[in-house]
Amino acid sequence: MAAHLNEKSTAPAPESVPSRRDSSNGSSTDNHDEIAIQLAKANNNKAMAHKDDDQAEKDPFAHLPEREAKILRDQVYTPDVKVGLAMLYRYSSRNDRIIILVAAICAIASGAALPLMTVVFGNLQGIFQDYFSPDSGLSYDAFTGELATLVLYFVYLAIGEFVTSYVATVGFIYTGEHISGKIREHYLESCMKQNIGFFDKLGAGEVTTRITADTNLIQEGISEKVGLTLAAIATFITAFVIGFVSFWKLTLILLSTLVALLLCMTTASRFIVRFSRQNIAAYAQGGSVAEEVISSVRNAVAFGTQDRLAKQYDAHLIRAETFGFKLKSTLGLMIGSMMTILYLNYGLAFWMGSRFLVDREVPLSKVLTVMMSVMIGAFNIGNVAPNAQAFTTALGAAAKIYSTIDRQSPIDSSSEEGIKLDKVDGTIRLERIKHVYPSRPDVVVMDDVSLTIPAGKTTALVGASGSGKSTIIGLVERFYSPLEGTVYLDDVDISTLNLRWLRQQIALVSQEPTLFSTTIYENIRHGLIGTKWENESPERQKELIYEAAKKANAHDFIISLPEGYETNVGERGFLLSGGQKQRIAIARAVVSDPKILLLDEATSALDTKSEGVVQAALEVAAEGRTTITIAHRLSTIKDAHNIVVMSEGHIVEQGTHDDLLEKRGAYFNLVTAQAIAAVQKPASDDEEEGQGEEIEASIYRSSTRGSMRSAVALEDPDDDIQARLNKTQSQQSASSMALARREADSQKKKKHYGLWTLIKVIASFNKEEWKLMMLGFFFSAISGGGNPTQAVFFAKLISALSVPVTDETIPYIRHEASFWSLMYLMLAIVMFIAFVGQGVVFAKCSERLIHRVRDRSFRSMLRQDVEYFDRDEHSAGALTSFLSTSATHVAGLSGSTLGTLIMVFTTLIASCSVGLSIGWKLALVCISTMPILIGCGFFRFWMLAHYQRRAKTAYAGSASFASEAITAIRTVAALTREQDVIAQYRASLAAQQRASLMSVVKSSLLYSASQSFTFLAFALGFWYGGTLIAKYEYTLFQFFIVFTSVIFGAQSAGGVFSFAPDMGKAVEAARELKTLFDRKPVIDTWATGGEKLEAVEGSIEFRDVHFRYPTRPEQPVLRGLNLSISPGQYVALVGASGCGKSTTIALLERFYDPLAGGIFVDGKEISSLNVNDYRSFIALVSQEPTLYQGTIRDNILLGAPQEVSDEQLAFACREANIYDFILSLPEGFNTVVGSKGALLSGGQKQRIAIARALVRNPKILLLDEATSALDSESEHVVQAALDKAARGRTTIAVAHRLSTIQKADVICVFDQGRVVEQGTHAELMKKNGRYAELVNLQSLEKHA
């Protein structure tokens, strides 16, 4: 094996290093690609699985032996949970259940009040009839007395209704919040428990969508809608009880209605649940595409791929739209059928009632009571339907959430089981380990590896990427379980140890330091969690934290920050330079004085200067602990006690730096590959002297550990904040004035939009469907006319049936009854057509609307400049959840809601007209009550909208907190921060609940008022109607037609506002959308203005450029940068981190505009050019290559501004050294890369990114540390690709590793935002200035 490896890397021997420029490193490429091929074969399986998600996913572990397959399956398996209604209440506390019980009783009582009215109604009808019949002898006074008593019953009912509906609403909303809060908590808690393999399978985006959107759906399903449904059911049951008591035969016959209704509902809801599941699933995929794009937005902007990425997102939206349409149409069909059944029920009731009446079995008043109560009861079952949707979606969402909550994690950090050792030495031993990642079951990452890591010593792991170095760390931390073999800590199998305890003994510093968005102090304090210092006094903790920060070389730069340790680092620690973040991460690792320290390429992403500082910090930290270091840069590990060289999952050789160099094996080749060419033989004496000093200096720096330490009181120039504060006045003003101007501008921009503007915004999304909408509104108007028409039939039938029954009148009664009953049949058919028509039409429109809103919002987000995404409130999580929730809320003001409004208005207008034309006095009195009812409903709408606004911010805050924790799950697990995350999340939820409780208590008052006023309206109508009847002014027929039409009109007016919550959300969402659409970024990719260039030569000039990042205006980054680059030059920018190298590249890409000074390309200032056109001449390869879900071909073609032939594609891939690798994959260019390119190794991703950059054939190539995150072997291949790529183009490379840029035409050394030295490698080495210092820091000589 060693020989094989040896032969593999001999090509670039020291003398032949220059040949790298001509890419003669074929052999190294091939071998690296072989590894890659095996990787790719594995991916392929996963890729296939991705394709047929719809079919049952094929078992990816089928090819493995059963025992191994089980280990892997356990790591990714998620149970399917069947969720019934009771399951939604799994997390209710005892108090919750008591409140629910009380609220339920109240809801039932408030529902029962309505049918009780029919009894009063029947009695009143009896009194009226007695009063009209000559032999009853009721005097005027006796009649009014009776009337008053019965009317008072209505008033009592009103009071009861007020109290009960108030308690019910408050109770259910409160418990709904509380329980869904609990579900959110348990969900996050369960996520915190899961093993890492589970997250490899689910994207963070999906998890975020669930914790925001899906829990909101559950909350809707268990809040006030439950109360409304219970009330409706209570009404229904009470109504039938009253019916049976009054006259059982007729009621029994009318029960057939119920059977029909239930049949109709159960059939429909089966389909509804199915479509709702598919809809949620289709959108979740779209959500993870959006999350990928937004989290790597710089890349999308640089390549101008916003449009194409938006199209990919759109593809998922189209699928979601079809399921959504099916879902809503089914609902429309169901409601249509229900209405039909109701009208058929009337016809049946009157026809049968007339039969019984003629047979003298029953008086009319009883028929009426039965009629009324069955009507009210059946009507209310109709009220259940709209809420049924909320329940079914809640169940669909709960199934997903519970499946995660119920998942038993095979590696559970929260369990208390397992041994805790009393004393830890820290010897780690791996014995015959075989490991496979569950997400890539075909690749054996480690095979039969045995390794001993002695206590208190430093062991370094080196090797190509994909050779299994990081896997060792993952196994020691127990992120994964190995398939075979065991890992021992002090000779105890770690799988028998308590997991949390184990992780507390270990500190991990990874390549990408993950900081949480809180203060620096808190970030370091996270390291104390779970250790014996967790509960120490704050003073003691402070000492420890300062101590750790000093060890990590971070204390000085932290205190010089304006807010010191209280500085907030922002999401993912964006506001600090890499070196600073890494040092905070190191402080966090050593603060608890762990026994074992794991360093996973802790310095690879840093430049030399910071690396020196961080490396020194690490060496201090490693002293006396068991340390495992993974390094790509070999200079960082030459002092290790043991160096282990790995390749393809095996250990090739091990020993100290010197031993391995003697062997001239694999390690020797790695070292020579990284060595930096020494300056050519000097010509004159004085130069000789310079040379000598330089060598001496470098020997002194790297002679021994001890002296190394003394020499490394290195300074990270980032850290000299004092110097920054003593700036000259004039310079201060250039940036600061520009910033002050910007601030003022942005203050002016905040707008408030009126309701009308927002409605126009929503309407604009349905512009194309206006003909459909009109049709829908027409159907709505017709369905609104059903109620008043029905009132006429009703009164006609009553007047016909009031005729005294004699043999002469029987044929007349029968004829009338049959005729009007058939009219009911006709009405039923018309209603069916109207309701189904509007249901289907509005389903189409509202799904279209949701689709367009999401599409346009996503495009508008991608239109924004990079500054927009730097802000905390626009984190990827927040924006993704905005896309998933706001769009669905906007639909609350779309067609269906407007249709309902039109329906109600038709009902109101028609019923008022009917009433006024038949009996104007009574009609006017009844109509006078309408404004009050409508007013109350409006207040409820207003209060709920207000409640929505407040609730939003808190949940968004807690959601982005959860999303941050889940995205950084490895860090959370390594720090055993799970409990801490959950506690913080709990606190933010609790605060939210307290606030919303108050607002619910207030808003429900108005709501219950609007509920109970109905009864007062009844009372008024009856009392006044009664007096009119008493004076013989009205007949029974007039009274009934006016009363039924107006009162039902009023009831439906109250019904409008049950849509209030949805409208409140819609207005809120529309406001956010409008703000997003109106935000015109300074650097607008949609702008068509600006000069367009025919061609670009490639000369670049920075003239006195000043710049600060908008998110941290107090921190100057560039201070008067002057730099000129001629066409075709290869210019390298080097310098300490935070000195403005990457910023220079960001400004060239025009991610930001400089505050003062100008950037010129070919003599034209870039801000005057059309930004898209300008960017099309530039290509960027960044440190973290970003790939999107999809095939390799898709990813490469994203770089091309126009169509690309296969030849060009192949050429770009050859130039990027990846063509052969791609062809060697089974699927070739159609291999799927997985989420964020997870299925390829770093080097492969980077080369695909280079191919993507080259396929646009750029004039200017920007390389932002393109190889820093790779190991030596991949770096070789990638570097060769970059050198090839740079030919004939103006190239600007930012490099940390100086060996990669010594061939540059010009090297510019940056310091504190200016260029301090420039020249070729040789010139700068002779100067023996800044550059020479950087080189020496990095040189890899053998120990002197």
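The structure displayed is predicted, hence computed values, not measured ones.
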Are any of the side-chain heavy atoms of [X] and [Y] separated by less than 4.5 Å?
X	Y	result
R859	D307	yes
L1076	F882	yes
Y283	L317	yes
I1083	F1151	no
L879	F869	yes
F516	V569	no
S510	R970	no

For [Y], does its backbone N or O pair with a side-chain atom of [X] as donor and acceptor, under 3.5 Å?
X	Y	value
N523	A585	no
T305	R308	no
Y402	M87	yes
S180	G176	yes
R863	T1085	no
N766	S846	no
S886	L883	no
N1195	L1187	no
R854	A887	no
Q864	S860	yes

Worksheet item: Quick one: do D870 and R298 make a salt bridge, cutoff under 4.0 Å?
Response: yes
Worksheet entry | K844 bridged to E769 by N-O distance under 4.0 Å | no
To the nearest 0.5 Å, tell me how far [X] [atom1] sits from [Y] [atom2].
X	Y	atom1	atom2	value
I183	I405	CD1	CD1	6.5 Å
E321	L327	CD	CG	13.0 Å
K400	T215	NZ	OG1	13.0 Å
S988	R184	OG	CZ	10.0 Å
Q979	R986	CD	CZ	8.0 Å
E291	T880	CD	OG1	5.0 Å

Practice prompt. In sequence, state the C-alpha distance, the side-chain angles, and the governing distance for Y1152 and Y1109, and then conclude on ring-ring contact (aromatic ring centres under 6.0 Å, His included).
Written response: CA-CA 8 Å; Y1152 307 96; Y1109 283 101; 5.2 Å; yes
For the residue pair [Y] / [X], report whether a side-chain donor-acceptor contact shorter than 3.5 Å exists.
X	Y	value
S1004	T169	no
Q194	S190	yes
N279	S276	no

Worksheet item: What class does the angle between the rings of Y91 and H186 fall in, given that below 30° is parallel, 30 to 60° is tilted and above 60° is perpendicular?
Response: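 Rings of Y91 and H186: parallel, under 30°.
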Practice prompt. Quick one: sort the Y313 and F858 rings into parallel, tilted or perpendicular, breaks at 30° and 60°.
Written response: tilted
Discussion item. Test side chain to side chain contact (heavy atoms under 4.5 Å, CB included) on F198 and I969; report intermediate values, then the result.
Written reply: CA-CA 11 Å; F198 173 75; I969 185 71; over 6 Å; no
Practice prompt. For F765 and V890, run side chain to side chain contact (heavy atoms under 4.5 Å, CB included): C-alpha distance rounded to whole Å, both residues' side-chain angles, the deciding distance at 0.1 Å, then the answer.
Written response: CA-CA 10 Å; F765 284 103; V890 169; 5.7 Å; no
Practice prompt. Step by step, work out the side chain to side chain contact (heavy atoms under 4.5 Å, CB included) result for F199 and C191.
Written response: CA-CA 9 Å; F199 293 99; C191 285; 4.1 Å; yes
Practice prompt. Apply side chain to side chain contact (heavy atoms under 4.5 Å, CB included) to V293 and Y1188, showing your working.
Written response: CA-CA 7 Å; V293 174; Y1188 301 109; 4.0 Å; yes
Discussion item. Looking at every heavy atom in both E522 and T518, which two are closest together, and how far apart are they?
Written reply: CB-OG1, 3.3 Å
